[in-house]
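Throughout, protein chains are lettered first and strands after them, A, B, ... in sequence-line order, and every chain is numbered starting at 1. What you see is a predicted model; the values in this text were computed from it and never measured.
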There are 2 protein chains.
Amino acid sequence: MAERATSAMGGENLLFLTDEQLRKGIEAMFFAYRGFTADPDRILETQGYGRAHHRALHFINRTHGTTVNNLLSTLGVTKQSLNRVLRTLIEDGLVESRVGRKDRRERNLYLTEKGEVLERALSEAQRERMRAAYRAAGPQAVAGFRQVLEAMMDDEIRRQYNAMRDRRT
Amino acid sequence: MAERATSAMGGENLLFLTDEQLRKGIEAMFFAYRGFTADPDRILETQGYGRAHHRALHFINRTHGTTVNNLLSTLGVTKQSLNRVLRTLIEDGLVESRVGRKDRRERNLYLTEKGEVLERALSEAQRERMRAAYRAAGPQAVAGFRQVLEAMMDDEIRRQYNAMRDRRT
DNA sequence: TTGGAATGTCAACAAGGCTGACATAAAATA
DNA sequence: TATTTTATGTCAGCCTTGTTGACATTCCAA
């Protein structure tokens with residue numbers, strides 16, 4: 001059995017596709033995601049917000065003036081669920097909701113200065129961990145990381161994800 | 001400005017550490033995690049279980065005979081929270097709880113045959129997506145993926161994660 | 001002018017986190 | 001042996017964030 005080989009061999013070698021390797025990858029995703037959310041979670045807790053607020057702030061920041069419907073499909077939740085989060089953010093003066101110009105049924109969402117401050121704090125905490133991980137792993141590993149994650153997304157979601165990179169750089 | 005360069009250059013080039021690249025990585029994690037849980041979630045729904053049950057089944061399967069305390073720290077939840085999940089799994093005959101031999105205060109947890117059936121169904125669905133992603137990205141990308149994820153974990157968690165690979169291969 | 005789309009709101013519910021308090025059995029220790 | 005500590009289970013109650021369903025409002029477009 002010439003079964004010993006490293007994944008660096010690539011090509012024909014399919015040992016990286018064994019159930020055991022896949023299980024390790026699954027566990028890595030699970031544990032890494034905990035780390036991924038840990039730092040922002042700590043900040044959010046002090047402000048009385050949750051992860052749902054973080055996600056809303058993140059995507060409103062990414063796509064200034066996005067509509068509620070847009071945000072809904074990006075976040076993958078119901079409008080009632082998003083609305084609850086959005087309402088508190090608007091009440092607290094972190095998000096501004098402006099009536100749409102072209103279509104006045106739509107609401108365009110923007111971060112206020114106060115909202116930007118919190119978004120920046122959350123983002124910086126999360127990026128700091130990502131940066132450390134990226135630096136430790138190196139650029140080639142990062143490229144692989146991104147490739148695998150992209151391949152893991154649902155097709156519809158991947159389209160949204162790819163569309164996002166063009167909006168704001 | 002000789003600023004154009006690909007991350008494949010590696011080494012000195014730190015363009016992969018820009019805030020924009022980090023934000024992309026953050027979004028990739030967010031969207032990929034949705035895909036990661038989507039397939040098992042669909043199965044769980046038909047059985048009246050949730051993600052919490054999946055996690056318990058997964059880790060009981062990974063470390064046969066693990067104790068409640070062990071599972072608690074692996075999952076990072078409170079015992080009250082785990083207990084609720086565990087109780088239904090035991091009542092439904094998916095998990096068996098045996099009094100510890102050495103220390104009779106402890107309970108050793110095992111999957112029953114029925115439990116193994118569900119675990120396998122969930123795992124196979126999740127592995128299938130991982131396998132497709134791995135195959136699409138290739139072994140080198142997978143190695144990078146794992147490196148970055150590992151670097152992203154909390155130190156304490158990484159120790160648990162690494163300890164896990166030795167128990168059962 | 002009317003139908004349908006986009007949005008908001010209210011109510012009710014469920015899963016799954018959390019804390020605190022308390023019970024029990026068994027091990028460990030004074 | 002007596003006491004303390006540990007492992008587990010359980011009850012009650014709270015919070016966030018997801019869900020559905022029903023209904024009102026606004027306003028574009030046919």
Side-chain angles (χ1 to χ4, degrees), chain A residues 30 33-34 37-38 40-60 65-92 95-109 122, chain B residues 30 33-34 37-38 40-60 65-92 95-110:
Chain A
F30 172 64
Y33 202 80
R34 285 244 295 273
T37 55
D41 279 358
R42 268 187 288 273
I43 297 173
L44 288 159
E45 203 182 14
T46 71
Q47 316 265 320
Y49 295 126
R51 241 176 245 181
H53 301 86
H54 183 190
R55 294 195 283 261
L57 290 174
H58 174 95
F59 285 109
I60 292 172
T66 188
T67 65
V68 173
N69 248 359
N70 250 327
L71 201 50
L72 235 44
S73 69
T74 301
L75 295 174
V77 296
T78 59
K79 70 177 172 175
Q80 294 89 333
S81 197
L82 174 60
N83 194 258
R84 178 169 35 202
V85 163
L86 225 39
R87 192 170 32 194
T88 72
L89 291 175
I90 291 168
E91 278 170 7
D92 295 353
V95 168
E96 196 189 346
S97 165
R98 295 186 207 149
V99 171
R101 282 211 207 176
K102 275 181 50 187
D103 186 335
R104 295 178 52 197
R105 288 168 303 182
E106 294 182 343
R107 300 291 181 276
N108 296 116
L109 302 170
L122 294 169
Chain B
F30 172 64
Y33 201 81
R34 284 245 294 274
T37 55
D41 280 357
R42 267 187 288 273
I43 297 173
L44 288 159
E45 204 181 13
T46 70
Q47 317 265 321
Y49 295 125
R51 243 176 244 180
H53 301 86
H54 183 190
R55 293 195 283 262
L57 291 174
H58 174 96
F59 285 108
I60 292 172
T66 188
T67 65
V68 173
N69 250 355
N70 250 328
L71 200 51
L72 236 44
S73 69
T74 301
L75 296 175
V77 297
T78 60
K79 72 175 174 176
Q80 294 91 329
S81 199
L82 174 60
N83 193 256
R84 179 168 36 201
V85 164
L86 224 41
R87 192 168 34 195
T88 72
L89 290 175
I90 291 169
E91 278 170 6
D92 296 355
V95 168
E96 194 189 347
S97 166
R98 296 185 208 148
V99 171
R101 282 212 208 175
K102 275 182 50 185
D103 186 334
R104 296 180 50 200
R105 288 170 305 180
E106 296 181 342
R107 298 297 132 87
N108 297 116
L109 302 170
Y110 302 88

(request) Could you pull out all residues at least two apart from Asn69(A) that satisfy side-chain hydrogen bond (donor to acceptor under 3.5 Å, both in side chains)? (result) none
(request) Quick one: pull up CD1 in Ile43(A) and CD in Glu45(A) and give me the separation to the nearest 0.5 Å. (result) 11.5 Å
(message) My understanding is that only one of Leu89(A), Asn70(A), Val68(A) makes a side chain to side chain contact (heavy atoms under 4.5 Å, CB included) with Leu109(A); could you say which?
(response) Val68(A)
Show which side-chain atoms of residues 98-106 of chain B pair as donor or acceptor with protein atoms under 3.5 Å away, not counting sequence neighbours.
from: Arg98(B); atom 1: NE; to: Glu96(B); atom 2: OE2; distance (Å): 3.3
from: Asp103(B); atom 1: OD1; to: Arg105(B); atom 2: N; distance (Å): 2.9
from: Asp103(B); atom 1: OD1; to: Arg105(B); atom 2: NE; distance (Å): 3.1
from: Asp103(B); atom 1: OD2; to: Arg105(B); atom 2: NH2; distance (Å): 2.8

(message) Can you tell me if Glu91(A) has over 12 outside heavy atoms packed within less than 6.0 Å of its CD?
(response) yes
(request) Take the protein atom NZ of Lys102(B) and the nucleotide atom P of dA7(D), then report the distance between them rounded to whole Å. (result) 12 Å
(request) Provide, to the nearest angstrom, the distance between the CG atom belonging to Asn83(B) and the C1' atom belonging to dA7(D). (result) 12 Å
(message) Is Asn69(B) close enough to dT8(D) that one of its side-chain N or O atoms is under 4.0 Å from OP1 or OP2 there?
(response) yes
Between N or O atoms, less than 3.5 Å apart, protein on one side and nucleotides 3-5 of chain D on the other: list the pairs.
none

(request) Hey, could you give me the CZ/OG1 distance between Arg107(A) and Thr66(A), rounded to the nearest 0.5 Å? (result) 14.0 Å
(request) With a 4.0 angstrom cut-off to heavy atoms of chain B, pull out the first and last contacting nucleotide of DNA chain C, in 5'-to-3' order. (result) dG16(C) to dA27(C)
(request) Quick one: list whatever passes side chain to side chain contact (heavy atoms under 4.5 Å, CB included) with Asn108(B), sequence neighbours left out. (result) Thr67(B), Tyr110(B)
(request) Could you pick out which residue, Arg107(A) or Glu106(B), lies toward the 5' side of DNA chain D when each is mapped onto its nearest nucleotide? (result) Glu106(B)
(message) Just to verify, what does Phe30(A) make a ring pair (Phe, Tyr, Trp, His ring centres under 6.0 Å) with, not counting sequence neighbours?
(response) Phe59(B)
(request) Using whole Å, report how far CG of Leu86(B) lies from C1' of dA7(D). (result) 14 Å
(request) Go through the structure and list residues passing side chain to side chain contact (heavy atoms under 4.5 Å, CB included) with Gln80(B), not counting sequence neighbours. (result) Thr78(B)
What pairs of donor and acceptor atoms, side-chain ones from residues 51-58 of chain A against any protein atom, are under 3.5 angstrom apart with sequence neighbours left out?
from: Arg51(A); atom 1: NE; to: Asp41(A); atom 2: OD1; distance (Å): 3.3
from: Arg51(A); atom 1: NE; to: Asp41(A); atom 2: OD2; distance (Å): 3.2
from: Arg51(A); atom 1: NH2; to: Thr37(A); atom 2: OG1; distance (Å): 3.1
from: Arg51(A); atom 1: NH2; to: Asp41(A); atom 2: OD2; distance (Å): 2.8
from: His53(A); atom 1: ND1; to: Gly50(A); atom 2: N; distance (Å): 2.9
from: His53(A); atom 1: NE2; to: Thr88(A); atom 2: OG1; distance (Å): 3.3
from: His58(A); atom 1: NE2; to: Glu27(B); atom 2: OE2; distance (Å): 2.8

(message) Under the rule for side-chain hydrogen bond (donor to acceptor under 3.5 Å, both in side chains), what residues qualify as partners of Tyr49(B), not counting sequence neighbours?
(response) Asp92(B)
(request) Report the end-to-end axis angle of the helix from dT1(C)-dA30(D) to dA30(C)-dT1(D); each axis comes from five terminal pairs, and the value is rounded to 10°. (result) 20°
(request) Verify side chain to side chain contact (heavy atoms under 4.5 Å, CB included) between Thr74(B) and Ile60(B), making sure each step is shown before the conclusion. (result) CA-CA 11 Å; Thr74(B) 301; Ile60(B) 292 172; over 6 Å; no
(request) List in chain and number order the residues that pass salt bridge (Lys or Arg N to Asp or Glu O under 4.0 Å) with Arg42(B), two or more places apart in sequence or in another chain; answer none if no residue qualifies. (result) Asp39(B)
(request) For nucleotides 11-23 of chain D, just jot down a letter per nucleotide in 5' to 3' order: B, S or -, based on protein non-hydrogen atoms under 4.0 Å. (result) B-----BBBBBB-
